[in-house]
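Read through the structure below, which is laid out as structure tokens, and then see the notes.
Any value given below was found using the heavy atoms of this structure, including those in side chains, with hydrogens, waters and symmetry copies removed.
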Amino acid sequence: IVQTHVMPVSKQMGLTGELILMEQLLNFATAKRIHHSRVLNAWKGYDSSDRDYYANGIAIEVKASGSRNRVHMISSIEQLLLSQEPKEENLYVYSVGLSSDSSRGYRLVTQIDNVERLLDPSLHNIFYEFLENYCGEGYHRDLRDRYNLEPEFTISPTGGLIQIDDDVD
């Protein structure tokens with residue numbers, strides 16, 4: 001009964017992967033003095049969009065694997081093709097491994113905290129609204145204690161950005 005109130009582990013992994021990339025993008029934005037709203041607005045994954053991140057003709061599809069290999073399930077070939085609407089000029093896959101590891105203490109809530117610490121405080125409410133809408137099920141702050149009981153992960157391999165072009169197998 002309790003399980004139905006939280007996202008399945010596979011969706012928690014997907015969201016964790018998207019938020020790992022968001023953490024890196026926020027660090028980059030801070031270093032380049034780019035407002036954090038641009039990063040948050042580029043995140044489309046919470047809305048079940050075709051791309052997890054999209055801005056200025058650049059699209060990123062995030063893939064979180066449950067193994068220590070960069071092997072990912074691709075649901076359709078369209079995920080690896082440039083879109084014409086909106087017009088995409090570059091497409092990347094951000095690949096990260098999140099395997100079960102009960103010794104790490106690293107969970108979805110850990111990554112949410114990492115992003116919240118970096119994110120401009122004026123954007124926290126919007127961030128949590130996006131989390132609540134994630135894939136129609138969402139992460140809800142009032143269930144944090146329940147999410148703290150969910151499986152732990154280790155990040156291996158670390159995130160890698162792979163450009164999708166004619167040379168990619």
Side-chain angles (χ1 to χ4, degrees), residues 2-29 36-55 58-76 78-80 91-102 104-121 123-162:
V2 174
Q3 182 66 28
T4 61
H5 290 64
V6 298
M7 290 184 290
V9 173
S10 61
K11 287 194 177 177
Q12 290 180 48
M13 287 175 60
L15 177 54
T16 301
E18 291 178 34
L19 295 178
I20 290 169
L21 177 57
M22 183 180 288
E23 179 181 3
Q24 293 178 350
L25 292 172
L26 287 169
N27 281 324
F28 177 82
H36 290 170
S37 62
R38 299 218 16 224
V39 173
L40 201 55
N41 289 332
W43 183 38
K44 310 298 182 192
Y46 74 91
D47 197 23
S48 300
S49 297
D50 289 341
R51 300 292 187 216
D52 296 316
Y53 287 87
Y54 177 81
I58 299 171
I60 303 173
E61 189 68 36
V62 177
K63 294 295 179 186
S65 173
S67 73
R68 293 180 183 255
N69 298 316
R70 292 198 193 280
V71 176
H72 302 285
M73 296 297 296
I74 306 297
S75 60
S76 71
E78 283 76 27
Q79 288 188 311
L80 300 179
L91 173 61
Y92 298 87
V93 169
Y94 181 79
S95 168
V96 64
L98 293 171
S99 52
S100 294
D101 186 342
S102 60
R104 293 291 179 181
Y106 175 81
R107 297 177 172 86
L108 169 60
V109 292
T110 311
Q111 190 56 43
I112 289 171
D113 291 346
N114 292 348
V115 169
E116 183 180 13
R117 264 191 299 281
L118 293 173
L119 189 64
D120 182 306
L123 299 172
H124 285 183
N125 286 338
I126 295 169
F127 174 60
Y128 278 101
E129 284 177 27
F130 287 176
L131 289 175
E132 288 175 7
N133 291 321
Y134 185 78
C135 289
E137 295 176 57
Y139 168 84
H140 301 272
R141 283 187 271 193
D142 57 334
L143 296 175
R144 182 183 177 90
D145 289 341
R146 177 63 186 91
Y147 276 98
N148 274 321
L149 301 173
E150 288 295 293
E152 301 168 340
F153 307 116
T154 188
I155 302 172
S156 180
T158 58
L161 200 58
I162 303 162

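Here CG of Leu21 is found 13.0 Å from OG1 of Thr16. Values are rounded to the nearest 0.5 Å. From Arg141, atom CZ reaches atom NE2 of His124 across 9.5 Å, with rounding to the nearest 0.5 Å. For the atom pair CE (Met13) and CD (Glu150), the distance works out to 12.5 Å, reported to the nearest 0.5 Å. The line from CD of Glu129 to CG of Leu123 is 11.0 Å long, rounded to the nearest 0.5 Å. For the atom pair OH (Tyr106) and CG (Asp101), the distance works out to 12.5 Å, reported to the nearest 0.5 Å. The CG atom of Leu118 lies 6.0 Å from the CG atom of Leu26; values are rounded to the nearest 0.5 Å.
Contact record, Val9 with Pro151: CG2-CG, 3.7 Å, taken as the closest heavy-atom pair. Looking at every heavy atom in both residues, Phe127 comes nearest to Val115 through CZ-CG1, 3.6 Å. Closest approach of Trp43 and Asp52 over heavy atoms only: CD1-O, 3.3 Å. Heavy-atom minimum distance, Tyr54 versus Ala59: CD1-CB, 4.0 Å. Of all heavy-atom pairs between Lys44 and Arg51, the closest is CB-O, 3.2 Å. Closest approach of Val39 and Ala29 over heavy atoms only: CG2-CB, 3.9 Å.
Across His140, Glu18, Lys11, a single residue satisfies side-chain hydrogen bond (donor to acceptor under 3.5 Å, both in side chains) together with Tyr134, and that is Glu18. Checking each of Asn41, Leu119, Leu25 against His36 for a side chain to side chain contact (heavy atoms under 4.5 Å, CB included) leaves exactly one that passes, namely Leu119. Of the residues Val62, Leu131, Asp113, the one that meets the side chain to side chain contact (heavy atoms under 4.5 Å, CB included) test with Leu19 is Leu131.
Phe153 places none of its side-chain heavy atoms less than 4.5 Å from the side chain of Thr110. Using a 4.5 Å heavy-atom cutoff, the side chains of Val6 and Leu149 are not in contact. Side-chain contact between Thr158 and Val96: absent, with no pair of heavy atoms (C-beta onward) separated by less than 4.5 Å.
Under 3.5 Å, the side chains of Gln111 and Asn114 contain a donor-acceptor pair of N or O atoms.
Between the side chain of Tyr147 and the main chain of Met7, a donor-acceptor pair closer than 3.5 Å is present. Looking at Glu132, its side chain never comes within 3.5 Å of a backbone N or O of Gly138 through a donor-acceptor pair.
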Q) So Val93 and Ile60, side-chain contact (heavy atoms from CB on, under 4.5 Å) or not? Walk me through it. A) CA-CA 6 Å; Val93 169; Ile60 303 173; over 6 Å; no

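The aromatic rings of Tyr128 and Tyr139 sit tilted relative to each other, their planes meeting at an angle between 30° and 60°.
Within a 6.0 Å radius of CG in Asp50, other residues, nucleotides and ligands contribute 12 heavy atoms or fewer.
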